[in-house]
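Sequence lines set the chain letters: A, B, ... in the order given, protein chains first and strands last, and positions in each chain run from 1.
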Amino acid sequence: MMKLTLPDGSVKEFDSGASAYDLAKSISPRLAKDSIAARVNGELYDLKRPIETDSTVSIITTGTEEGKDVFWHSSTHLMAQAVKRLYPEAKLGIGPTVEGGFYYDIYTDESISIDDLGKIEDEMRKISKSDFQVSRSELSKEEALEFFKKENEDFKVELINDLPENETITAYTQGEFTDLCRGPHVASTGALRHFKLLNVAAAYWRGDEKNQSLQRIYGVSFPKKKQLDEHLFMLEEAKKRDHKKLGKQLKLFSFHAESPAMPFWHPMGMRLLNQLIDYWKEIHFRHGYEEVRSPFILDESLWHRSGHWDNYKENMYFTQFDEREFAVKPMNCPGHCLIFDNEKHSYKELPIKYAELGIVHRHERSGVTNGLFRVRHITQDDAHVYCTPEQIEAEIVKVMDLVEEIYSNFGFNDYNIELSTRPEKSIGSDEIWEKAETALANALNSKGMKFVINEGDGAFYGPKIDFHIKDALGRSWQCGTIQLDFSMPERFDLKYVGQDGSEHTPVMIHRAILGSLERFIGILIEHHGGDFPSWFAPVQVGIIPVSDKYEDFAKEVNDKLVRSGIRVKFDNRSEKVGYKIREGELEKIRYLLVIGENEVNSDVFSIRVRHSKELLKMTAEDFISHIQQEIKNKN
RNA sequence: GUCUACGUAGCUCAGUAGGUAGAGCACAUCCUUGGUAAGGAUGAGGUCAUCGGUUCAAAUCCGAUCGUAGGCUCCA
């Protein structure tokens, strides 16, 4: 007999060799059904792998992140098996899970196109129907090498060669197919019934462009058909909400070959941008920031001094005149340092907070730009907090409070935090980095924020906290960042006079909350699908006179709204009502007022509300205060 | 940077034995003054991304360049 300890501390006895599945069954049939793998003494186990001795066991169910991972991992094996059947010469790279599904990198002689995915899915279905047992086997390194060499799996051989000598290597077999894998996996291929292959793309072996280019096939799968359908619906929805598409439809912005990856804002898009800017200025002023502005073009020597020359040159634009070399700023920090250094500061003034909606240019490599999400002309909602070392934590907490307030104003109440540490290319001593990283972690802990560590992903001058917001479709976007910097103040020889009368070097906190206005607007467009909340919408109300006869009266209503600060579109074209309503709907205007005989004769207006079947009946005064209330509440 | 795909009117897209372009919407003019998602007629609009090659002939085949998309790598 052996004792299995459950997560709640209770203990159950089983014959040695019983599995986690036996345990799950003994607890409830429901749990047995939902279980997919287990953690035994911390190690991942297949559900039906025998447990030999007393252990601590927790069951992994399909609903959890770990469970999803197992399910997708098994699905990628299923896909690989199907590909190997259809393309016997295929060589397998790696097949991990990612956010939103799984992929497998595969080398094939003939290229696989998106049109081939259907037949791979068909083959997957066959394998699923065959319901092969998925069995685990342990191999020595030699055995594993011998096996995969025989199979001509060159990439697998390379992977095995890189494993330590004494490592126990595991492989999983289903039917005729065996793959190198740590596991765990579902018990049989019949468990994998609802899947969809989504895309093919190229990827380099081990992510290195010098290596062989492989075909990456992406897919997704779920235990239940309903879940798969919902997921596919979300993907469709995301396509519909594509901000590049909506940007064109709603006439917000455009891109032109004359200035690749730099947006041109059209009047309606400019309204969005200005709305965001007004909001941003107001809230920053309220939080003790002072706005500053620094030039776009600064002498090259400044960038040597700041460290950008050595660490950021590839991303910078340069220009030359009067026989001097200048650089177009990719960041605002050096400019702000010059402002700080322009006068002598007392410790009593600190923290000094310089904010700038800084327009910076970064030469992003071609191929990485993407609509508003990744541009070369970036409006950062930048600010630099100069403070004493003692103030660091409190100031970082204040920035996090502001982050919280701003995100919640936009309805982003769910966000993840990452702490990124020292990258390879960086400036400053180890001690300084250590100190900075600790300070950031302390601030996060003192605010009770959960975060994950992102090793080696910091800025070149300091570690950073990144904020990733979740949009309406559950997608995650990196926006805010807080970066702690001990180096740049030193490089610029910044000083403040302390209480002791001597000079000290301040600490600098770089921070952006929206990230870039361009990206943030892109996110908002997709988050709302173009249906902006009243406070943000370029057009809040559309007015549609039934015919020219009512134009004068409609104009009066229009003016009344405009005087109340409401953004109105007055559509007095001589078109039919239905036609103008259709256009207003396509423009996603939230409120449409049709004005004709009825309105002339009564105080009550019939207001068409977007996404609502019923007309709102209100007087002009009530309607104005209704909208004003919405604007105030930001909904 | 790199892989794959794409680039035809303002927009969405047709257009493969290679024979100098077509639809709908939008736009202009006229008729229609219309009550909650498209009224009608007429018209204008394109060096088929750019450059070069093959050919009697190129939107169509080939190459290069530019741009865009989806990846990889990178990143706000």
Exercise for the section: Check whether the ring centres of A:Phe536 and A:Tyr279 lie less than 6.0 Å apart, and answer yes or no. Expected result: no

Practice task
For A:Asn598, report the nucleic acid contact type (base, sugar-phosphate, nothing); a contact means any heavy atom under 4.0 Å.
Solution key: base

Handout entry: Electrostatic pair A:Glu551-A:Lys555, nearest N-O below 4.0 angstrom
Key = no

Handout entry: Carboxylate-amine/guanidinium proximity below 4.0 Å for A:Glu583 and A:Arg573
Key = yes

Practice task
Could you please name the partner base of B:C25, counting Watson-Crick and G-U wobble pairs only when both distances are under 3.5 Å?
Solution key: B:G10

Exercise for the section: Have a look at A:Ala459 and say if it touches a base, only the backbone sugar-phosphate, or nothing, with a 4.0 Å heavy-atom cut-off. Expected result: nothing

Practice task
Considering only NZ, NE, NH1 and NH2 on the basic side and carboxylate oxygens on the acidic side, decide whether A:Arg365 and A:Glu314 come within less than 4.0 Å.
Solution key: no

Handout entry: Candidate nucleotides B:U33, B:A76, B:A38, ranked by approach to the side chain of A:Ile378 - the nearest
Key = B:A76

Practice task
Scan A:Phe255 against the nucleic acid and name what it touches under 4.0 Å (heavy atoms): base, sugar-phosphate only, or nothing.
Solution key: nothing

Practice task
Using only side-chain N and O atoms of A:Ser366, determine if any of them is under 4.0 Å from OP1 or OP2 of B:G1.
Solution key: yes

Exercise for the section: Looking at every strand, decide which applies to A:Asp548 at a 4.0 Å heavy-atom threshold: base, sugar-phosphate, or nothing. Expected result: base

Practice task
Using a 4.0 Å heavy-atom cut-off across all strands, classify A:Gly578 as base, sugar-phosphate, or nothing.
Solution key: sugar-phosphate

Practice task
Determine the contact category for A:Gly480: base if any of its heavy atoms lies under 4.0 Å from a base atom, sugar-phosphate if only primed atoms, P, OP1 or OP2 are that close, otherwise nothing.
Solution key: nothing

Exercise for the section: Give one of base, sugar-phosphate or nothing for A:Glu364, where a contact means two heavy atoms less than 4.0 Å apart. Expected result: base

Practice task
Describe the nucleic acid contact of A:Lys248 in one word from base, sugar-phosphate, nothing, applying a heavy-atom distance below 4.0 Å.
Solution key: sugar-phosphate

Handout entry: Closest to side chain of A:Val368, choosing from B:C75, B:U36, B:U73
Key = B:U73

Practice task
Remember a base hit wins even if backbone is also touched, and classify A:Val375 as base, sugar-phosphate or nothing at under 4.0 Å, heavy atoms.
Solution key: base

Practice task
From the options B:A76, B:U36, B:A69, select the nucleotide whose nearest atom is closest to the side chain of A:Val594.
Solution key: B:U36

Completion exercise
Against the side chain of A:Glu597, the closest entry in B:G35, B:G70, B:G39 is B:G35

Practice task
Assign A:Lys251 to base, sugar-phosphate, or nothing according to its heavy-atom contacts below 4.0 angstrom with the strands shown.
Solution key: nothing

Practice task
Kindly say whether, by distance alone, the side chain of A:Arg582 makes a donor-acceptor pair under 3.5 Å with the base of B:U36?
Solution key: no

Practice task
Have a look at A:Thr369 and say if it touches a base, only the backbone sugar-phosphate, or nothing, with a 4.0 Å heavy-atom cut-off.
Solution key: sugar-phosphate

Practice task
Spell out yes or no: do the side chain of A:Glu599 and the base of B:G35 have one donor N/O and one acceptor N/O closer than 3.5 Å?
Solution key: yes

Completion exercise
Which of B:U68, B:G39, B:G34 is nearest the side chain of A:Lys549? It is B:G34

Practice task
Decide yes or no, distance alone: a donor-acceptor N/O pair under 3.5 angstrom between the base of B:C3 and the side-chain of A:Arg216.
Solution key: no

Handout entry: Reported CG-to-CG distance for the pair A:Asp552 and A:Asn558, which is rounded to 0.5 angstrom
Key = 12.0 Å

Practice task
Report which part of the nucleic acid A:Asp457 touches: base, sugar-phosphate, or nothing (heavy-atom distance under 4.0 Å, all strands).
Solution key: sugar-phosphate

Exercise for the section: Find which nucleotide of RNA chain B each of A:Lys576 and A:Gly515 is nearest to by heavy atoms, and output the residue with the more 5' nucleotide. Expected result: A:Lys576

Fill in the blank from the handout: Taking B:A69, B:A76, B:G71 as options, the one with an atom nearest any side-chain atom of A:Ala201 is B:G71

Problem - Spacing of the P atoms in B:U20 and B:U12 (rounded, Å) - result: 27 Å

Handout entry: No-H, no-angle donor-acceptor pair, A:Arg608 side chain to B:A37 base, under 3.5 Å
Key = yes

Exercise for the section: Pick base, sugar-phosphate or nothing for A:Gln380, based on heavy-atom distances below 4.0 Å to the nucleic acid. Expected result: nothing

Handout entry: Nearest-Å distance once atom C1' is located in both B:A14 and B:G22
Key = 7 Å

